[in-house]
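Below: the structure, in structure tokens.
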Amino acid sequence: MVQSTRSSYSVSDTAAVLQGIAPDGGLFVDPDISSRPFDVSRCLSLPYTEMAAEVFSHLLPGFAGMAKEIASVYPKKFSSPEITPLRPVGDAYALELYHGPTCAFKDVALSVLPLFITAAKQIEGIDRQISILTATSGDTGKAALEGFHDVPGTDITVFFPYGGVSAMQQAQMVTQEGSNVRVCAVRGNFDDCQRGVKEAFAKYNQSADAASSRMLSSANSINIGRLVPQVVYYFSAYAQLLRDGKLHFGDKVDFVVPTGNFGDILAGYLAREMGLPVGSLVCASNANNVLTDFITTGVYNRCRPFLKTSSPSMDILVSSNLERMLFYATGGDTDEVSSLMTSLSRDGSYTLTGSALEAIQSVFAAGCCTEDEVTAAISRLWHNHRWLSDTHTAVGFAVLDKYRRSASYTGNPCVVLSTASPFKFPAAVLSAIGGTPSDDEFETALRLSELTQIPVPESIAALRHKPVLHHDVVNIEDVVSYALS
Ligand SMILES: *Cc1c(COP(=O)(O)O)cnc(C)c1O
């Protein structure tokens, strides 16, 4: 059983994957993750797909009978034999999570989420249409469209911030084919999109239709089925370090995670709770540094300017998954979590103190960086190590530098999660390494390829000649009605 972060409401994991979000507005969590035994060393000895099946079966036992089959899609969808290969970069490591169909880490979860949803429908005996509603800061949208297009019994609607994603991310979404897909730009930022989607859920679940006609679900990391597949690559990173003789079993590894909605880093926390020897989890933010402030002071305050940066997928001020961390940090105190969330929506802020804050600070470190530091990191990584970084990963490396000079660093090996291909953000990356971008994004990608001798990923090169199929743009106040239409 999984339970809501805001009450004792509990459902089976299969029902939770279908519902996406709990009826009380809370997120589903596994309340006894740290007490159920998990054989870490056995898991680390397995190849990626089997490792994934073990993790799926442990965290979502309702799917155990299908876990192997679900995990077997990875080699078909990812171009690297390791699925998520670990590369030495200077004296740290980059965990490359972007070798899937849309060139961002979101593919790791969204390649399998449609299979979890289809399986859950079968197990729960539900034959209603499932409508997926998704807000995206750039990468979730395309990965979800890629996963759900033409999947029988489902349809998908994606909202993205108008002018708030990279040109390549936008091209990926608006050219999406499929008979069951809608893509809509919103005149607002990611937080507006995310709030609209959450409001649509609330409105629909109170309506008379909710019990009878289609069922709404989410492809965002608010869905527990999105988080679980992301746990696997923390194990994979550790296993690759073991295989290469970089550590002994039991040695701790620190992970630096470029963070927006706190989903990816929370998956690291879940891996740690399952017993993987993780030291610190370093939360890396761009100039939207609401999480840096929270982790260092306990004050979460979203009332600040929303800044547009070169790492748009991290331009977020309301980090949904932090709610799950609050649940764990308060020892499962759902009243406390509810009151913090009420304060967040009423006042735009809340303050965490005492043992709950200490619990967070004992695991998480945090840092943020400026746009200049991102550019400098991309340049340094390329010129010193011949490793090409995208803008989000560069936030991670810039924060890694600061972390290593801080008092909290204890000398563990450090792995930076590399969340997207540099070819999704070619203009920023090309200028950082000394090239000159063109007005045409595809020409820029070619110049980046020429300069670095790294090929443009096929799925990105192919976009150039695809027709634009989606033109809708709505105002913030119209997201709910569009979502439910
Ligand atoms: C989504 C995304 C992030 C942030 O991940 P969260 O799970 O939202 O914290 C970082 N980098 C890239 C490239 C992303 O697409």
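Along the sequence shown, residues carry numbers from 1. Since we're looking at a predicted model, the values are computed, not measured.
If you run ring pair (Phe, Tyr, Trp, His ring centres under 6.0 Å) between Phe364 and each of Phe255, Phe262, Tyr328, only Phe262 comes through. Each of Val278, Asn412, Leu241 was evaluated against Val253; a single residue qualifies, Leu241, per the side-chain contact (heavy atoms from CB on, under 4.5 Å) test.
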N/O donor-acceptor pairs under 3.5 Å from side chains in residues 85-96, not counting sequence neighbours:
unit_1 : atom_1 : unit_2 : atom_2 : d
Arg87  : NE     : Glu96  : OE1    : 3.2
Arg87  : NE     : Glu96  : OE2    : 3.2
Arg87  : NH2    : Glu96  : OE1    : 3.4
Asp91  : OD1    : Arg404 : NH1    : 2.8
Glu96  : OE1    : His99  : NE2    : 2.7
Glu96  : OE2    : Trp387 : NE1    : 2.8

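Judged by distance alone, the side chain of Arg272 and the main-chain N or O of Gly279 form a donor-acceptor pair under 3.5 Å. A distance-only check finds a donor-acceptor pair linking the side chain of Thr136 to the backbone of Gly138 [under 3.5 Å]. Here the side chain of Ser449 pairs a donor or acceptor atom with the backbone of Ile454 at under 3.5 angstrom. In this structure, Arg447 contributes its side chain and Thr436 its backbone to a donor-acceptor pair below 3.5 Å. The backbone N or O of Asp440 sits less than 3.5 Å from a side-chain atom of Ser438, completing a donor-acceptor pair.
Ring centroid separation for the pair Tyr482 and Phe159 comes in under the 6.0 Å cut-off. For Phe190 and Phe160, the ring centers sit 6.0 Å or farther from each other. For Phe56 and Phe63, the ring centers sit 6.0 Å or farther from each other.
Within a 6.0 Å radius of CZ in Phe442, more than 12 heavy atoms belonging to other residues, nucleotides or ligands are found.
Proximity of Val197 to Thr134: side-chain heavy atoms (C-beta onward) are nowhere separated by under 4.5 Å. With contacts defined as side-chain heavy-atom distances shorter than 4.5 Å, the pair Val181/Phe148 does not qualify.
Salt bridge absent: Lys68 and Glu50 never bring a charged side-chain N and a carboxylate O closer than 4.0 Å. Electrostatic pairing of Lys246 and Asp251 does not count as a salt bridge here, judged by no charged N lying under 4.0 Å from a carboxylate O. The pair Glu373-Lys402 counts as a salt bridge, with a side-chain nitrogen and a carboxylate oxygen less than 4.0 angstrom apart. A salt bridge does not link Asp264 to Lys106: none of the charged nitrogens lies less than 4.0 Å from a carboxylate oxygen. For Asp191 and Arg302, the salt-bridge test fails: no basic side-chain N is under 4.0 Å from an acidic carboxylate O.
In this pair, Tyr403 and Tyr409 present their aromatic rings perpendicular. The plane angle is above 60°, beyond the 30 to 60° band.
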